[in-house]
Amino acid sequence: MTLEELRKQIDEIDDGILELFLKRMACAKQVAEVKRQKGLPIFNETRELKILDDVCRKAGEYGGQARILYANLMAMSREAQHSALGSGTELRQAVLKASRFPNKPRSVACLGEKGSYSHEALSRLYPEAEPVFFPDFPSIFAAVENGRADLGVLPVENSSAGSVNEVYDLILKYRFSIVSAISLSVRHCLASRETELHEIQTVYSHPQALRQCAGYLKKRGVSSAECSSTAGAAKLAAGKRKTAALCSEHAAAQYGLNILDRNVQDSDGNRTRFIAIGQNLLIPPQANKISLCFAVPHRTGTLYTVLARFAASGLNLTKIESRPIPGRNFEYDFYLDFSGSVADPKTLDLLCALSEELTRFSFLGNYSELE
Ligand SMILES: O=C(O)C(=O)Cc1ccccc1
């Protein structure tokens with residue numbers, strides 16, 4: 001057969017597949033109604049696993065491919081069923097009840113001291129709030145939990161040093177709502193009470209900043225020591241000879257230090273994303289980013305099939321992070337960010353379907369991110 005003829009044949013097969021696919025989806029919707037009447041759950045895992053094993057066996061050399069094709073087909077059917085039945089009542093109610101306009105927070109918790117990058121993020125997001133400083137990330141979550149602060153601002157990700165794992169673990173532990181976010185350009189300087197670079201023996205900073213300047217520090221051959229924040233490092237360097245801090249110019253000025261070198265981070269476009277967390281769900285009308293987390297069973301294709309549902313809904317994932325579930329044998333929670341709004345009924349339907357099907361599911365928020 002010629003290429004033309006083979007293509008014609010494939011086109012005909014594809015038309016047939018599409019027709020059958022649409023027929024299958026229509027049938028699945030009818031199943032939803034029957035399940036509703038009989039009070040049966042939409043997801044019947046035992047039946048699905050059996051179908052997948054059968055299909056895999058029957059498909060011979062294409063067993064693996066057929067399994068994934070059918071896993072996706074069944075996931076799409078379930079989604080149509082969830083949407084037909086308006087599943088996910090709890091999440092729908094929570095979204096409906098969420099405030100649309102923020103109360104101005106009175107106090108907001110962040111890391112470090114006056115002049116830390118977290119403080120800068122906080123001031124940009126909430127210029128009128130009173131900042132409350134804490135020496136570590138767990139204390140910020142505790143402050144939001146016990147009401148000492150209305151919100152907490154935390155760094156989550158850096159464009160060169162990657163995710164701040166400790167913060168993701170705390171997000172997954174507390175499951176507070178993410179109410180806003182900001183991405184800041186981060187330019188470190190080397191600041192000291194000394195006036196000459198060659199006098200510096202030890203450089204203090206927050207581990208994130210030390211990582212972002214690892215190449216520079218290696219080149220200079222100085223030793224480094226971790227501090228609880230870049231501003232804390234500046235304060236420390238102000239009291240000790242032959243030391244310097246990696247911090248912002250603002251922090252250097254705050255603690256009366258001389259700037260010995262500027263822009264010392266290894267990557268030019270160094271940026272850090274910060275989020276603000278709170279106890280209550282807040283969904284501003286212009287919110288365009290959604291965060292959630294869930295776990296999937298340890299089986300071939302389970303994560304893939306969940307991700308395929310985002311792709312099928314045309315949603316663009318901007319971040320995926322996996323973190324081990326404490327005390328479990330290498331089982332993971334997945335954390336996902338994507339562009340979207342729960343005001344879009346199709347997006348809300350997808351989240352509601354997932355909230356019914358996935359273990360350890362939490363909708364973490366729908367917010368906007370400042371640049
Ligand atoms: O130490 C700080 O100033 C922080 O807020 C943490 C941090 C460190 C480096 C880059 C971004 C945030």
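Both ligands and their constituent atoms are indexed starting at 1 by order of listing. Along the sequence shown, the residues carry numbers beginning at 1.
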Would you mind listing which atoms of ligand 1 come within a distance below 4.0 Å of any non-hydrogen atom of [X]?
| X | answer |
| --- | --- |
| Ser118 | 4 (C), 5 (O) |
| Ser229 | 1 (O) |
| Gln212 | 10 (C) |
| Gln208 | 8 (C), 9 (C) |

For a quick check under 3.5 Å, do His82 and Glu356 share a side-chain donor-acceptor pair by atom type?
no

Please tell me whether Lys319 and Ser163 have a donor and an acceptor in their side chains that are separated by less than 3.5 angstrom.
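Yes, side-chain donor-acceptor contact under 3.5 Å.
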
Do Arg193 side-chain atoms and Leu257 backbone N/O form a donor-acceptor pair below 3.5 Å?
no

Below a 4.0 angstrom heavy-atom separation, can you tell me which part of Thr230, side chain or backbone, both or neither, approaches ligand 1?
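Both parts.
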
Short N/O distance, under 3.5 Å, between Tyr117 and ligand 1?
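Yes, at least one N or O pair falls under 3.5 Å.
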
Classify the ring geometry between Phe176 and Phe141 as parallel (under 30°), tilted (30 to 60°) or perpendicular (over 60°).
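It falls in the parallel class, under 30°.
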
Measure the distance from atom 6 (C) of ligand 1 to every protein heavy atom, then report the residue, atom name and distance (to 0.1 Å) of the closest one.
Leu111 CD2, 3.9 Å

Just to confirm my output: which protein heavy-atom neighbour is closest to atom 11 (C) of ligand 1, and how far is it?
Thr272 OG1, 3.6 Å

Would you call Asp333 and Arg323 a salt bridge, taking side-chain N to carboxylate O under 4.0 Å as the test?
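No, this pair does not count.
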
Tell me whether the NZ or CZ atom of Arg360 lies within the 45° cone about the ring axis of Phe294 and under 6.0 Å from its centre.
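Pair Arg360/Phe294 does not count as cation-pi.
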
